[in-house]
Every structure is written in structure tokens, then in C-alpha cells.
2 protein chains.
Amino acid sequence: MRFYSWNVNGFRSVLKKGFMDWLEETEPDVLSLQEIRCEWEEADLGVRRQIESAYDVCWFPATSKKGYAGAATFAKKELGFTHAKGLGVDGYDAEGRMIVSRRDKLVFIGGYFPNASQGLVRLPFKRQFARDLAALVMKHHAAGDQVILTGDMNVAPEEIDLARPKDNVKNPGFTPEEREDFKLYLGAGLVDVLRERNPAVPGLYTWWTARGGARERNVGWRIDLFLASRTLLDRVKDTRIHAEVLGSDHCPISLELL
Amino acid sequence: MRFYSWNVNGFRSVLKKGFMDWLEETEPDVLSLQEIRCEWEEADLGVRRQIESAYDVCWFPATSKKGYAGAATFAKKELGFTHAKGLGVDGYDAEGRMIVSRRDKLVFIGGYFPNASQGLVRLPFKRQFARDLAALVMKHHAAGDQVILTGDMNVAPEEIDLARPKDNVKNPGFTPEEREDFKLYLGAGLVDVLRERNPAVPGLYTWWTARGGARERNVGWRIDLFLASRTLLDRVKDTRIHAEVLGSDHCPISLELL
DNA sequence: CGTGATAAG
DNA sequence: CTTAACACG
């Protein structure tokens, strides 16, 4: 089963840049999208029909602000996933952040983790989000579920996960607080699958600022991740960063389970 | 002496669409621009230097709102025009609307007349503007000046001046009030030069909505005009609408005096 | 620097 | 439909 996650930075934008070609070539079983930045009805009708013919679609836009944030999860119909919108906390759910999907004992949580923002003005919001989400993961583990947590986590966990760690200690995405909170997910029994399998490999990034040719020079950050329950690790066949896929300032990532 | 007027709908935009080529080919003696929508310093430095080497430049952006309205007048240096910004009324002058230029007894008034706006919310503002401007023209005539008044007047004077008069009687630019106020300029001793020389010629338009191929089908309005003192008429060699010049939703117009 | 909302025309 | 400002990333 092949899981994908991609922050598309505007679903309508990425549709103009070959998203449907990518989808048809890639045929993910489960796909989490972030920063969809539109209502489902605002996307091209032919596209919607084509996607709906193959996938159970959960579209979860922000209600708090038009064109802001929002997440979606598509799961191949034959897999029988059920989708649930939100974490049950109005503050996050109004921004269309997280979707919880389930098949039997497998819980797939995908979405768009808060950005701490300029001046770290949303750091408190982001910290509370991390606590609540880690608690949810623990609850699922206590209930005997296995969990995949993915999306744009808006944090690079370690120095190796960004090209310029020294320059970014005070910047959103690499503050000590955000890195500390990332460990809450690990403490809840999840593993950063790509880093587990590629310890000490530098240059593995999923996001590059649009300013000044950063992507060409691979001056990036690894902030899109697959975390999985430790008990799932022996089923991991592969996990990858698809840096060659263009269309957004983020690239897709994937996790394949046996 | 060749006078031009052009609503460029953003000076920086029209610069990207060949404005400088047009300027070099056309070499107007005096040029009034409307909807410049930027500060002079925001335009390309090479462009500014090139223009300033040939013209006395009067740049009059709105101070009330960034990127809104604004007018400019360029006059060939050797002609010795002097420029004055505004009509002396804060309400109009904060929007960078009118520039009064003079050489001896010739007064050239160019600029961007108010749009009555959706719901005609600015009709009262526009009516006061018309009264004040007509009074200024009368004052100049009383002092023995000859006047050229030009720009985007945001009114089609007569049914012949727009493609769909019946559909637009309640719309900004063709209300009875705006047409009535247009007659104030005529009452002040000015003549609509193009219509004077081309009575009953339909299809002479200077603006076309960007929506739905209106320009290709010549579904337009004549709202950019040269009005001139009746005493100037025997010096009029030519007046034209340059509908072939692209780059804005308006086209340039010209008046040539002997 | 790019996406999208918004105001204005 | 287009320009430009703005918010956000």
C-alpha cells in the first residue's frame, strides 16, 4: 500500500502544473494534500469527477479564512478507508488542518501542521496543537491502533534536516520549542521513517523557499515527513522524497508498506 | 504641435507591453497619462532617465491610496511648458487627478476624471468635480487663455459614443447626470473636437471592457476625449483615436494643432 | 517569490 | 478580465 503526502500550495495552482498527470502516473493508494486553499467546488469539474471516480475524497478547507490552509485526503475506493475531519478542537479544525482516516486498526492522520509564523506569533497555537495531536496518537496506541502521521509538519527535526541550521535557530520551523514539541510525537510511539532508514544522510529536503534559486541549489528543509508506529516498521518497504516533482514549493513524499 | 492622452491602466504594466517603443515611434509633444497607479520612483530607472532626458515630467500619483488612479503630463523640454499639480481641491488632488500645464496663453488640462463607480456611489463626488473643473475653464477663458481639456473623462457624451447605449443608461459613465454634467464643459466654451469633425460617425471608441472579447468586436465606449476652446478650432489639423495601440483597456487619442 | 483574496475599474 | 495591494508562507 502506497501512501503519499504533498503540500500543493494551492490545489488550483498545482492543477495547472500537471497534478492530474502526476496522479495518474503515481496512482497513490492514499494521498494527503495540504494547503489546498480552495473549496472542492472551486476546482475544475472534470478533475473532481475523475478523482471521485477512483477515490473516497475527504476535502477539508479552512472555514476561518478564504484561500487559507486546508487539507484533503484521497483513498482508493476499494480500500474502504473512512475519513473524519478535524481533531475535535475548533481552533485547528476551522483552519482545515487534520484529517483522520481509518481502515481496521490502521489510522492514517494527514494534514497541515501550523506554521509558527513571522515573529513566532503562532508558536503558542502550534505548541498546543502538538500536545493535542500527540495525545491523540497515544490514545490510538492505547486502543491498539497502528498510526501513520504525515503532512507538512512545519518543523525540521534536527540540524541535518535543513541546509542552514545555524541561520535558522530563531526562525519559524527550527526553534528549540518546535523541535522539542516534535519529540512529543516520537514520545507517543512514532518513528521518523525516512531518518530511521537514512541516518546521517544530509541534503534530504522537501521544501525550498521560492526566493533566489534555493531549489536548484538544494538549499531546503525537510519539513514534510512520514511518522509511523514503531510496530509498523517491519512492514515498511520503502519511503522516498520525490524532489523531482515540481508544481509547488514542496515536493511529494511517500511511504510504501508491505 | 501633437498632443496625446492615454489611460495606461498601470504605468508599470504598460511599460512591460511596449510603452517606450510607442513613445519613441510617436514622439508626442505633450502627453497626458491617466491611471499611472504608481510612484515615479517605482518605475524602471532607465525608463525614467530616458523620459526625463526629453520631457518636462509632471508625475502626480494619488496620495490617498497606493496603486490607485494618478495622472502624469510629459511636455517636450524645448516647448517650455510649466506644470501645476491639482485643481486646488483636496478631495480631487489627493487622488492625483488633474494636471494644469501652460505655455503662454495655451492652457493644457489633462487627467483622470472620477468614475461614478458601482452603485453610482461616487456620482456626487464626480458632479462636484465637473462643476469645479468647468468653473476653472471659464476662469481661463475670462482671462483670455485658450484651453485644451483632455483625459479619461469617464463619460460617453451621447448615444453614438457607446456600442450599447440602451443597456447602460443606469450604469456609471452613461447616466443622465453624468451626460448633463459633461455639457458644463461645452457651456464653458469647449468643443468635443473629434465629434465636431466626425458628426454621426458611429463606432469611434477609446475604451473596451476586458471581459469577453469586447475590443475585438468593437463593443466599446468613447470616454477619452479632447475638448478645445472654440477659438482653437481653426488650428486643429487632425484628431484621432489610435485603437490599434494595445497595452491598456483604453487606447491613446491625439490632437494635432497647426 | 508565489498563491490567493480583495478593491477598483 | 486586469492591475495592484495585501496576507501568508
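Residue numbering restarts at 1 for every chain, and letters A, B, ... go by the order of the sequence lines. Please read these numbers as outputs of a predicted model, since none were measured by experiment.
Look at CZ on A:R12: it is 18 Å from P on C:dG2, rounded to the nearest Å. At whole-Å resolution of the value, CG in B:L15 and C1' in D:dT2 are 16 Å apart. Counting to the nearest Å, the C1' atom of C:dA7 and the CD atom of B:E95 are 14 Å from each other. As a whole-Å value, the separation of B:K17 NZ from D:dT2 C1' is 7 Å. Taking atom CZ of B:F113 as the reference point, atom P of C:dG9 lies 16 Å away to the nearest angstrom.
DNA chain D lies under 4.0 Å from no heavy atom of any residue of residues 163-170 of chain B.
Comment: B:K126 engages B:E178 in a salt bridge, judged by a side-chain N to carboxylate O separation of less than 4.0 angstrom. Classification of B:E95 and B:K65 as a salt-bridged pair fails, no side-chain N sitting under 4.0 Å from a carboxylate O. A salt bridge links A:D192 with A:R222: at least one charged nitrogen is closer than 4.0 Å to a carboxylate oxygen.
The aromatic rings of B:H250 and B:W207 lie tilted to each other, with the angle between the two planes from 30° to 60°.
Residue contacts for B:T209: at a heavy-atom cut-off of 4.0 Å it reaches no nucleic acid atom on any strand shown. Within 4.0 Å (heavy atoms only), B:Q118 reaches no atom of the nucleic acid at all.
The aromatic ring centres of B:H242 and B:Y4 sit less than 6.0 Å apart.
Remark: B:S117 is in phosphate contact with C:dG9, judged by side-chain N or O atoms under 4.0 Å from OP1 or OP2.
When distances are taken from the side chain of A:R37 to each of C:dA7, C:dG9, C:dT3, the shortest belongs to C:dT3. For B:A210, taking side-chain heavy atoms from C-beta onward, the closest of the listed nucleotides D:dC1, C:dT6, C:dA7 is D:dC1.
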Task: Test side-chain contact (heavy atoms from CB on, under 4.5 Å) applied to A:N7 and A:I223, step by step - done: CA-CA 10 Å; A:N7 178 323; A:I223 57 179; over 6 Å; no

